[in-house]
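Data block below; observations after.
The shown structure was predicted, so the numbers you read here are calculated from the model rather than taken from an experiment. The first residue in the sequence is number 1, and the count goes up from there.
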Amino acid sequence: MLTNGVSLDAETANTLLDLELDKLVVSMDGVGPTGDGVFHGDAITSVQANLRGVYRMKLARQVEKPEIGLEFVATRRNVDALPDLKRLCPELGVSSILVTNLVPYTAALADETLYRHWTTTRRDPEPSPWNPTIELPRMDAGGEPGAVIDQLRGLGTHVRLDGAAVSGGAVRCPFVHDGCLAVTPEGHVSPCLPLMHTYAYYFRGQRRRIRAYRAGNVNETSLGAIWSDEAYRRFRDRARRFTFSPCLDCGGCDLRASNEDDCYANGFPACGECLWAAGVLRCP
């Protein structure tokens with residue numbers, strides 16, 4: 001369950017414990033009130049009090065569930081709060097922090113992102129002489145190694161540190177690969193969270209409009225029948241292979257303005273500029 005934690009009072013917390021919820025993820029973008037009402041700042045004090053209440057209930061009832069995690073939307077103005085947020089975890093009973101980037105739904109927020117000069121992941125998951133994989137051992141953070149790693153990341157190099165990808169991994173749809181789908185309150189079925197609704201956001205100075213993709217409605221058709229629909233199966237296969245145009249690397253084609261189609265002749269929905277597939281945005 002993902003929540004902003006504002007209504008996580010004692011009664012709700014008791015209900016969640018009774019239901020044996022596996023994991024509770026609370027959105028928290030700082031450690032104290034900001035006073036500007038941005039990024040949940042004004043509600044942080046009450047949310048933290050609610051989390052302490054949940055943790056006390058878990059201890060009193062001697063239960064391990066739900067595991068408590070935080071989701072942190074990182075921006076230029078709050079990313080330096082991450083160390084303080086980590087230090088706060090023991091008193092809140094938090095065992096994980098998922099950091100994601102901001103989706104700028106307005107032009108004013110576009111400058112708050114931390115991927116303004118970001119270089120995309122490579123299209124081909126296999127290494128090649130044109131883009132070899134660089135395997136690094138554990139090194140000190142910052143200093144000389146940090147500067148070199150930043151330079152390699154800026155070139156779009158596939159860098160692995162102690163076996164884990166640091167940058168340049170292949171583009172991959174996390175929703176389709178994990179066998180997920182999304183259902184709106186009205187019952188519309190979409191393959192992922194980004195395609196649940198119609199909206200606009202800004203990326204690299206350009207406004208981009210996303211039209212919702214709906215494979216069916218559970219109020220009209222069974223979920224099994226929707227999942228097995230031939231058109232929906234073809235889309236999932238295309239998303240698994242990710243045969244979309246490399247819009248994230250593109251210098252400004254007009255087709256980037258929406259997800260209607262792309263220059264590889266893919267029809268709607270075209271996912272070549274999906275920030276979730278590129279690993280820029282993450283969901284619990």
Side-chain angles (χ1 to χ4, degrees), residues 2 71-75 98-107 109-110 112-126 131 153 156 158 165-184 188-215 227 231-284:
L2 176 61
E71 182 177 19
F72 182 91
V73 179
T75 67
L98 175 69
V99 180
T100 187
N101 276 300
L102 172 72
V103 183
Y105 294 112
T106 66
L109 287 175
E112 286 289 340
T113 65
L114 297 174
Y115 50 94
R116 300 183 304 282
H117 309 296
W118 169 76
T119 299
T120 185
T121 53
R122 64 189 186 195
R123 310 294 297 181
D124 185 354
E126 300 300 325
N131 193 3
R153 291 179 61 198
H158 187 202
V166 174
S167 70
V171 179
R172 174 182 179 274
C173 174
F175 303 98
V176 169
H177 271 275
D178 291 345
C180 296
L181 56 77
V183 182
T184 71
H188 299 299
V189 175
S190 296
C192 60
L193 298 182
L195 291 176
M196 283 180 70
H197 307 288
T198 296
Y199 58 96
Y201 71 97
Y202 291 79
F203 179 61
R204 288 180 176 166
Q206 183 178 10
R207 184 179 185 271
R208 190 160 194 266
R209 183 179 182 275
I210 300 298
R211 177 160 67 94
Y213 171 61
R214 292 164 177 171
W227 182 263
Y232 189 22
R233 293 175 65 177
R234 286 198 302 270
F235 171 76
R236 295 201 308 271
D237 179 65
R238 188 169 22 134
R240 273 190 293 269
R241 294 182 288 112
F242 217 81
T243 56
F244 304 103
S245 59
C247 300
L248 287 164
D249 297 313
C250 180
C253 168
D254 289 342
L255 295 176
R256 288 180 56 217
S258 73
N259 65 334
E260 296 293 338
D261 50 26
D262 64 24
C263 59
Y264 282 9
N266 287 301
F268 171 79
C271 302
E273 199 171 295
C274 178
L275 299 179
W276 282 263
V280 175
L281 300 176
R282 304 178 66 195
C283 294

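- Without hydrogens or angle criteria, Tyr199 side chain to Pro194 main chain gives a donor-acceptor distance under 3.5 Å.
- Residues Trp276 and Cys283 form a side-chain contact, since some pair of their non-hydrogen atoms from C-beta on lies under 4.5 Å apart.
- Nearest approach of Phe268 to Arg238, heavy atoms of both residues: O-NH2, 4.4 Å.
- Applying the salt bridge (Lys or Arg N to Asp or Glu O under 4.0 Å) rule to pairs touching residues 265-284 yields Arg208-Glu273, Arg256-Glu273, sequence neighbours excluded.
- The main-chain N or O of Cys180 is never found under 3.5 Å from a side-chain atom of Asp178 such that the two would form a donor-acceptor pair.
- The OG1 atom of Thr184 sits 11.5 Å away from the CG atom of Leu193 when rounded to the nearest 0.5 Å.
- When all heavy atoms are compared, the tightest approach of Cys263 to Leu255 is N-CD1, 3.5 Å.
- Taking OG1 from Thr243 and CG from Asp237, the interatomic distance works out to 8.0 Å, rounded to the nearest 0.5 Å.
- Residues forming a salt bridge (Lys or Arg N to Asp or Glu O under 4.0 Å) with Arg214 (at least two apart in sequence, or on another chain): none.
- Looking only at side-chain heavy atoms (C-beta outward), Pro284 and Glu71 come within less than 4.5 Å of each other.
- Ring-plane geometry between Trp227 and Tyr232 is classed as perpendicular, the angle between the planes exceeding 60 degrees on a 0 to 90 degree scale with a lower cut at 30.
- Atoms OH and CD, on Tyr201 and Gln206 in that order, are 9.5 Å from each other to the nearest 0.5 Å.
- The line from CZ of Arg236 to SG of Cys173 is 11.0 Å long, rounded to the nearest 0.5 Å.
- Put simply, the side chain of Val280 does not reach to within 4.5 Å of the side chain of Thr113, judged on heavy atoms.
- A distance of 10.0 Å separates NE2 of His188 from CE of Met196, quoted to the nearest 0.5 Å.
- What you find for Ala277 and Pro174 is that their closest heavy atoms are CA-CD, 4.0 Å.
- For the pair Ser190 (side chain) and Leu195 (backbone), a donor-acceptor distance under 3.5 Å is present.
- Put simply, the side chain of Thr198 gets close to the backbone of Ala212: a donor and an acceptor are under 3.5 Å apart.
- Considering all non-hydrogen atoms of both residues, Ala239 and Val176 come closest at CB-CG2, 3.8 Å.
- In this structure, the side chains of Asn101 and Leu275 stay at 4.5 Å or more apart for every pair of heavy atoms.
- Taking the six-membered ring where tryptophan is involved, the planes of Tyr213 and Phe235 are tilted, since the angle between them lies from 30° to 60°.
- Residues Leu109 and Leu102 meet the side-chain proximity criterion, which asks for heavy atoms closer than 4.5 Å.
- In this structure the side chain of Pro269 never reaches within 4.5 angstrom of the side chain of Phe244, judged on heavy atoms.
- Atom SG of Cys271 and atom CD1 of Ile210 lie 8.0 Å apart (nearest 0.5 Å).
- The nearest pair of heavy atoms linking Phe175 to Pro191 is CB-O, 3.6 Å.
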